[in-house]
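Heads up: the structure comes next, in structure tokens.
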Amino acid sequence: MLFPISGAHISPIYLVVIGFLIGILGGFLASAEFHRRARARAVGLDWNFAVGTDLAHIVGKSVVAAKRHRALGNVDLKLG
């Protein structure tokens, strides 16, 4: 599989296997971000792409979690 922006060729099977393993490790160790970055770099992606995709995933996950907590009433906007 070709990723045209980064110019990397990565096997889709490899992506599925690594995604599964990182999900398992992230569930046990609560540090999936480190594992994703390291594996993306091991595949041959530049650090800019590895960190950038990782940050995009973290921001997306944080926005969804914040909206969900706000809907449940766990967010207090009057902190000051």
Side-chain angles (χ1 to χ4, degrees):
M1 177 181 286
L2 173 66
F3 292 92
I5 294 175
S6 64
H9 295 277
I10 304 170
S11 169
I13 296 170
Y14 181 78
L15 291 176
V16 170
V17 170
I18 290 301
F20 178 76
L21 291 175
I22 288 172
I24 295 295
L25 287 173
F28 287 132
L29 304 175
S31 61
E33 289 80 18
F34 170 74
H35 297 293
R36 270 197 310 267
R37 238 177 283 133
R39 290 297 156 213
R41 185 65 186 129
V43 169
L45 290 177
D46 290 334
W47 277 112
N48 293 338
F49 290 106
V51 172
T53 54
D54 194 36
L55 288 175
H57 182 259
I58 292 169
V59 167
K61 187 169 36 172
S62 298
V63 167
V64 170
K67 288 180 75 174
R68 178 70 177 151
H69 280 287
R70 174 79 170 126
L72 292 173
N74 297 331
V75 177
D76 183 15
L77 297 177
K78 297 187 283 185
L79 291 174

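In this chain, residues are counted from 1 in sequence order. Heavy atoms only: backbone and side chains are in, while hydrogens, waters and symmetry mates are out.
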Q | Common cluster, V17/F20, ILVMFWY with side-chain heavy-atom separation under 4.5 Å | A | yes
Q: Check step by step if side chain to side chain contact (heavy atoms under 4.5 Å, CB included) holds for R68 and V64.
A: CA-CA 6 Å; R68 178 70 177 151; V64 170; 5.5 Å; no
Q) Can you tell me if CG on L72 sees more than 12 non-hydrogen neighbours from other groups inside 6.0 Å? A) yes
Q.
Please report the interatomic distance CG(D76) to NE2(H69), rounded to the nearest 0.5 Å.
A. 14.5 Å
